[in-house]
Amino acid sequence: MDTLNHLRLTVHPAQVQPTLRAILHAIFFHRLLDNLEPETIEIADTHIASINSPALDKEVNARIEEFCREYVDKGASTGELAVVFLQRKPRKGWFAITEELIPWEEHLVTLNFPPVRYGAATPPNPLPMALLQLLTFCANNKSNVPPLSGTDGTSSVSHQIIIAPPSHAEIFSPSPPLDPSRLTSPPPLPSTTTTPATALARDLTMPPGSAVNEAMEARERDPSRDGRRASSPASTDRGGAFGYFEQAKDGLRAVGARAGAVAGWTGRGAGRP
């Protein structure tokens, strides 16, 4: 499938505007799919099939004036203009469905300007051969045209008229991949708040000089300081099974005391009594 139609013409600088107007109108006549009324215009003794569209006429005339300012007024020996047809397709984004434009055909027009010399012969009219090449290309590459869509008399086909266009490979290059950094969420930042659970976990590894660790070490050095353990009948009279049970209860009390202390610190830090 050929997606590039390159038209090369040699024209006198004074004939640039009518020549480009004829070529552009002929291109749009063969490729626009909108429901518009056709008409025939005569340019440089040549009948051109075109589309009756004031908006398109305004766009074509504006681009031709821009082309003349860029090349003819500066005395260039050649100039280029491209008509790129694109298809509008929906594209799913992160938060909404957007629209993307995919190129499907390019018509590149290259005009060569011969030096203007007094008494020199005027170049022959290049329009008949250019129009024949355009007609042959469009007839042989009908598969380039995307399927018609829409029910309001319009199609999904769009176009751009580009002065000094980039290369064909750049226009039809595939879209770059998405930035990988947008595909993954950044790592979570470390939490700066303290909850009773995190405080209890941090308290298990508190430095030896902390108040809680000092109290626990004092109880281990002098068990008589714990009144409940000294007067517990289970540890003295009821044998080993109840002694193990009492030790387990003492361990739970110690953990509960430490959790209560931490909860108290957190409550005071949050302004609670």
- [ ] Considering only NZ, NE, NH1 and NH2 on the basic side and carboxylate oxygens on the acidic side, decide whether Arg63 and Glu66 come within less than 4.0 Å.
- [x] yes

Open item on the list: How close do Ile171 and Pro103 get, counting heavy atoms only, and between which atoms?
Closed with: O-CG, 3.5 Å

Open item on the list: Do Phe172 and Leu4 sit in one hydrophobic cluster, given that two such residues count as connected whenever their side-chain heavy atoms are within less than 4.5 Å of each other, even indirectly?
Closed with: no

TODO: State yes or no: are the ring centers of Phe29 and His25 separated by less than 6.0 Å?
DONE: no

Task: Connected via hydrophobic side-chain network under 4.5 Å: Val145 and Ile102 - done: no

Task: Interatomic spacing from CG in Leu56 to CD1 in Ile51 - rounded to 0.5 Å - done: 6.5 Å

TODO: Measure the spacing between CD of Glu65 and CD1 of Ile163 and express it to the nearest 0.5 Å.
DONE: 11.0 Å

TODO: Test side chain to side chain contact (heavy atoms under 4.5 Å, CB included) on Leu135 and Leu131 and set out the steps.
DONE: CA-CA 6 Å; Leu135 176 61; Leu131 294 176; over 6 Å; no

- [ ] Would you please test Ile64 and Leu24 for side chain to side chain contact (heavy atoms under 4.5 Å, CB included) and show each step?
- [x] CA-CA 10 Å; Ile64 291 175; Leu24 293 178; 4.1 Å; yes

Open item on the list: Do Glu106 and Asn5 pair up side chain to side chain, a donor and an acceptor below 3.5 Å, judged on atom types alone?
Closed with: no

Open item on the list: If we ignore hydrogens and angles and just use 3.5 Å, is the side chain of Gln17 paired with the main-chain N or O of Asn61 as donor and acceptor?
Closed with: no

- [ ] To the nearest 0.5 Å, tell me how far Ile41 CD1 sits from Asp57 CG.
- [x] 7.5 Å

Open item on the list: So which atom in Asn144 and which in Trp104 form the shortest heavy-atom distance, rounded to 0.1 Å?
Closed with: O-CE3, 3.1 Å

Task: Heavy-atom closest contact (Pro166 atom, Ile162 atom, distance) - done: CD-CG2, 4.4 Å

Task: Sub-4.5 Å side-chain heavy-atom contact between Leu101 and Arg88 - done: yes

Open item on the list: Let me confirm one number: the CD1-OG distance from Ile43 to Ser50, rounded to the nearest 0.5 Å.
Closed with: 7.5 Å

TODO: For residues Pro114 and Pro13, report the shortest heavy-atom separation together with the two atoms involved.
DONE: O-CD, 4.4 Å

Task: Test side chain to side chain contact (heavy atoms under 4.5 Å, CB included) applied to Thr3 and His168, step by step - done: CA-CA 9 Å; Thr3 58; His168 183 70; 3.1 Å; yes

TODO: Could you point out which residue of Ile161, Val109, Leu81 forms a side-chain contact (heavy atoms from CB on, under 4.5 Å) with Phe67?
DONE: Leu81

Task: Ile27 CD1 to Leu32 CG distance, which is reported to the nearest 0.5 Å - done: 10.5 Å

- [ ] Would you give the length of the straight line joining atom CG of Leu111 to atom OG of Ser77, rounded to the nearest 0.5 angstrom?
- [x] 11.5 Å

- [ ] May I ask you to check whether over 12 heavy atoms, not counting those of Asp45, lie within 6.0 Å of atom CG?
- [x] no

- [ ] Please examine the side chains of Val83 and Phe28, heavy atoms only from C-beta on, and report whether any two atoms are closer than 4.5 Å.
- [x] yes

Open item on the list: Counting C-beta onward and ignoring hydrogens, is there a side-chain heavy-atom pair between Cys138 and His107 closer than 4.5 Å?
Closed with: yes

Open item on the list: For the residue pair Thr46 / Asn125, report whether a side-chain donor-acceptor contact shorter than 3.5 Å exists.
Closed with: yes

- [ ] Measure from the ring center of Phe137 to the ring center of His30 and say whether it is less than 6.0 Å.
- [x] no

Open item on the list: One pair to check against side chain to side chain contact (heavy atoms under 4.5 Å, CB included): Phe113 and Val11. What are the steps and the verdict?
Closed with: CA-CA 6 Å; Phe113 314 125; Val11 298; 4.2 Å; yes

Open item on the list: If only side-chain N and O atoms count, and only distance matters, is there a donor-acceptor pair under 3.5 Å linking Glu42 with His47?
Closed with: no

Task: His159: which of Arg31, Glu59, Glu105 passes side-chain hydrogen bond (donor to acceptor under 3.5 Å, both in side chains) - done: Glu59

Task: Heavy-atom closest pair, residues Ala14 and Pro18 - done: O-CD, 4.3 Å

Task: Polar contact flag, side-chain donor to acceptor under 3.5 angstrom, Thr110-Glu80 - done: yes

- [ ] Kindly work out whether a path of hydrophobic side-chain contacts (I/L/V/M/F/W/Y, heavy atoms less than 4.5 Å apart) joins Leu108 to Leu7.
- [x] no

